[in-house]
Every structure is written in C-alpha cells, then in structure tokens.
2 protein chains.
Amino acid sequence: MKIAVLGFGSVGKGLAGIINEKDLGIIITAVADSKSGVIDNDGLDISKIFEKKEKTGLCGDKEITPEKILESADYDVLVEVTLSKGKNVVTSNKGPIALEYRNLLKIADENRCTLRFEATVCGAIPIIHALQYGLAGNKIKKIYGVFNGTCNYILTRMSDERLTYQQALLEARELGYAEADPTYDIKGIDAAIKLVILANAILGFNKTLDDVDITGIDNIPSDALQLASEDDKTIRLIGEINPETETLRVSPRILSKNHTLVVQGTLNAVTAETDLAGNVTFIGKGAGSVETASAIISDLLFIRECHGGRY
Amino acid sequence: MKIAVLGFGSVGKGLAGIINEKDLGIIITAVADSKSGVIDNDGLDISKIFEKKEKTGLCGDKEITPEKILESADYDVLVEVTLSKGKNVVTSNKGPIALEYRNLLKIADENRCTLRFEATVCGAIPIIHALQYGLAGNKIKKIYGVFNGTCNYILTRMSDERLTYQQALLEARELGYAEADPTYDIKGIDAAIKLVILANAILGFNKTLDDVDITGIDNIPSDALQLASEDDKTIRLIGEINPETETLRVSPRILSKNHTLVVQGTLNAVTAETDLAGNVTFIGKGAGSVETASAIISDLLFIRECHGGRY
C-alpha cells in the first residue's frame, strides 16, 4: 500500500516515523509540509526527510506543492485533505469532517473511494470503528462521555488536589495538555465538534456546531467540586448525543466517583447505549501524536482489508 | 444478504427474532434445530417458525437435516458450524474456534471465505473487531480483564454484600447467571477458553486450554474479600495474555476498588495494552442471547461490507 502524507507537523511526523519503524507493508511515496514537498514513487527514505526537516525546517523542495503531489505521486491512500483525485482518504482533521461530512462522503462515493476519520474523535480509542462496524445492526439510543482530555485533566486536579480552576489550567499548560489559548478546549467547543462528527457520520444527522448546546468548564467554582467530593461525587465535562430528541449537548455534570465515565487525567471515555448490546464503554487516550498516528494507521490497514488486500 | 442459521436455541431464536424485527437487509432462508429444519429460498416467515417451535418443539420437518440445508439452501453466510461448503461463516461457538482456529482459517482462506466469531468472546463487546481492525498496526503488549460475568457477579456480591461464596453462587443460580453445574464458569475454564481464542486468533499463537494456568474462584474465603474491602480493594477473576512470555493465565487478583477493570455484576471489561494507542479498555455485557445476537449481526453486516455490499 502506497500512501501520500499531506502535513508534516507532530501527527504527520509521528505517523511517518511509526510507518518507517514498523513492518506494516505501507510505503510513503510523498510528504508535504506547508512550504515544501518530496516525492519518490519507490518509497521515501523517511530518516533522511527527518534529518532535512530538522536542519532546514523543510521536508522537501519548495517546488513540490500538495497539488503537485496529488498530480504526480503514486499512492493508494491520501492521508489528510481533499478528495478530488478519486483516491481513498484518511484524515485526522476534525474541521472538514464536522462541517462537510455529507459532501465529502458524496464525493468519496461517486469516486468509489473510502473516507476514514478515526483520528478525529477520541484519538486512540477506535470509537468510530466500533460504532460503525463492531456494533453494526444496533440502534444507538444515546452516546455520551468525556470527549476532551484537557478539561478532564483540569477537573481531575480540581477534584483530587483541591486546586482552583486557574491553578489547574496553569498546570495543564505547563504539562502541554492545554494550549496557550485554551478557549477551544475549556469552552467545550472541541467536545462539541466531536459530537457533530459522531452525529453526522454515525447517526446520519446533518448537524453543525450551532446545533450543540454548549457549556464549558471555565465557570465552575472550586467549591462545587469540593462539595461534590464530600458526597463521593465529582464533576466531568460530558458530551451527549440523544438521537431520539436529536439534541447534542456539552455540559459539566455531577457524577458518582465510581461512575464508569469518571476517568482520571487526560483520558477519554465514551458509552454507547444500544438496543441489543446494551451499554458498551470505551476508555483510552484521547490525544497525542502517537495515539493519533495509531488511529490513522488502523484506518489505512482497514482500507487495505476492505479493498481485498489489493494495495 | 441471505443467511442459514444452524441451531435454534436461545441464541438462534434471539438472532432470528431480531433479524425479523429489524430492517437490516438480511433474509433467513434456512433454519435448523437438533431434530428438524426448514428451507425457503425466498425468505422464511420467522413468526410462523416461532409458532411451530412453540407448539411442536420443532422448527421444521425432520427430513430437513443440516446436511440438506448445506446442500440445497441458498445462502451467503452460514451462521454456526462447518465451513465445508465454501461459504462465509459466523459462529458464536467457542469450542471450534478455541480448538481449531488455524484449521478453520485455512479452510476459509482456501475457499476465499470469511470466518467471523465476535460472539465467542465477551458477548456484546466488539473486542475481536476492535483488536483486529480498530487497533490494527498496534503491537499488543498485553490483554487482561474480566472475561466471565458469572464469576464477576459472585465476587461483586461477596464484596459488596459480604455474602459467602455459597450464598453468592446460590443467588447467581436463582437469577439465571450461573448454570446448575457452574464448574465451567467458577473454575475459570470459560475465561481460559476466551484467552485461547484471543491468543490464537488475534496474536497468532497456537495455544490450547492446557497452556493456560488456571485458578478459579471457588476457593476464595469470604474473609479475603472483606479484608480487601477494608483496604479499599476487591478481588476479581482476571484473565491475562502476555504475548512476550507467551503465557496465558486466569486467576483471582486483588485490585483497587476504583481500578478500571473493577466492574459490577455480570459485566465484562477488557484492557488492551498497546505500543501506539496506549491502554484501551472495553466494558460491556459479556453474555445473554440478545447480546450474542448483537455480535453475530455485526459480523454479518461486516461480511457484507467486506464483500462490497454484494449480498
């Protein structure tokens, strides 16, 4: 299987490194970062590209644009971005999947291509796969859980160590769990985007971010967590999709400390309530470049499987 | 997609009932119980068969044997039993998969057929699927968890309600969670068989039940659980596969009460320790006819997907 990788930041580099180390039968024929690209249809020497990127900040030559790669590289699956070339696509990019799932799927179907996006929701947890295939035939009655590791880390620390929100946020930043501008995470937007992806891609709705009722964690007083704690409860930011009422909601909720969804630190946890399988819960790491690469690789190998091992 | 169902006990009936109720695009063309069978290549009237089974104890005619069904029914996937006809097979039967996985896979491959067995391990949890596809590309460093709901129920009750082993077993029997002869469950054999299936089918080993180091739960004194409880710990029957040492083990272990694998009642919980995705945990119902049917249906729909929606 030959793949072209557009994007050579932490995820792209992580992916290339792992594919280089592991004997998965996957060859990378093209790579591009925002300013350069490189193509070798016999398979790139990834270590050399890492070296070059390290030294010059570029992975290849400025003349090799993503367009050039789409045009002249030999690949079976494109990792990231556009579907226009009639090739299979694996993406970790939440935006296009959340905003344009129906259109992307239509283009993919018209081109008889496969579009996979496991990495867009809950990192290393194979939630998309489990819902699409592992629980196929089930009616999904509800999906709810912890979709954002940054918020979960902050709430865990506020609850366990009695930190204030500001202290916990500062700590999360120092550890690299929160970005300099944490708005996206702490306001619940990241979790909401993941709900939109699941609602559209798994449940067939046509929702946008505006359809999600969102409350973040930035206004939770430390007192609230301490009061909850005295009662053996805690607070978590829970995203929930209710297909019956067609509602999507992200909000802090009080949960018993031994509730399945009360996971520690940056973990994610999602429960699918189904008619046949009952409640099935998935717990794992929701972020990180290696975890994202894991999801991308599983998508690549799944596409190979689906196409009869042709690549 | 046309299917033939061999076996019309609780799982077979549950499956037929669900397929009859749900609009999954699956038609049942043949059904057999141990003494009779029925074929209609245009699709059976399942409600009529239920009625007949209820009244006469037979689902069809005595002349229609399983052999006859294999010979003359029109089907894409056989649910249960033998692979000899060059058809795809979905089974919930642990024995053949645990004992003969390599041979069965070889026959399936030679006939270009698909063999799926999601229902053999942890009922409604799509663990086989998640390990084969959702976490594809990962090196599995360890698999461990609660594989037997009966033992988990007994241990939960001993821990929470301070019942003796005998009291908890009696209760489990009354509730239908334990069979009249509970040996298979409480001696750890059922859990061990599931480990053998995962070791052979997911990790490529060639293990048998004799390779599993097994300790059951029948010799755990109530004191042990009460002592553990005072220390905020409890005991669970844990099955573990360590691919590095090639060891399989089922044994009672002391776990912190807030350990992810400490699930309540008849639930199952399994953690896969991987190189890329980290630890991923799956929690759900491990048994029950509807849950088993859920696993079988997901396998059927997956075969349809893999064969390009041809059925």
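Letters A, B, ... are given to chains in the order of the sequence lines, protein chains preceding strands, and every chain is numbered from 1. Quick caveat, the model's predicted, so the values are computed rather than measured.
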**Under 4.5 Å from a heavy atom of chain B, the part of A:K257 involved** = neither
**Request:** Using non-hydrogen atoms and a 4.5 Å limit, figure out which bit of A:T260 sits close to chain B: side chain, backbone, both or neither.
**Result:** side chain
**Message:** For A:I140, is the CD1 atom crowded, meaning more than 12 foreign heavy atoms sit under 6.0 Å from it?
**Reply:** yes
**Prompt:** Is the number of heavy atoms from other residues, nucleotides or ligands under 6.0 Å of A:E244 CD greater than 12?
**Reply:** no
**Prompt:** More than 12 non-hydrogen atoms from neighbouring residues, nucleotides or ligands closer than 6.0 Å to CD1 on A:I27, yes or no?
**Reply:** yes
**Message:** Let's test your reading of the structure: which of A:A295, A:A136, A:G288 forms the most heavy-atom pairs below 4.5 Å with chain B?
**Reply:** A:A136
**Prompt:** Non-hydrogen atoms of chain A under 4.5 Å away: do they reach the side chain of B:I18, the backbone, both or neither?
**Reply:** side chain
**Region of A:I297 that comes under 4.5 Å of a non-hydrogen atom in chain B** = both
**Request:** Heavy atoms only, distances under 4.5 angstrom: which of B:I127, B:N138, B:N258 has the most pairs with chain A? Name it, please.
**Result:** B:N138
**Message:** So which atom in A:G137 and which in B:L24 form the shortest heavy-atom distance, rounded to 0.1 Å?
**Reply:** CA-CD2, 3.8 Å
**Prompt:** For the residue pair B:H129 and A:H129, does the interplanar ring angle fall in the parallel (under 30°), tilted (30 to 60°) or perpendicular (over 60°) class?
**Reply:** tilted
**Fill in**
Contact list (residues 276-284 of chain B to chain A, heavy-atom gap under 4.5 Å, by number) returns B:L276, B:A277, B:G278, B:N279, B:V280, B:T281, B:F282, B:I283, B:G284
**Request:** Supply the atom-to-atom distance B:E118 CD to A:Y133 OH, rounded to the nearest 0.5 angstrom.
**Result:** 14.5 Å
**Prompt:** Heavy atoms, side chains only, cut-off 4.5 Å: are A:K22 and B:D275 in contact?
**Reply:** yes
**Complete:** Ranking A:G134, A:G14, A:A130, A:A124 by heavy-atom pairs under 4.5 Å to chain B gives rank one to A:G134
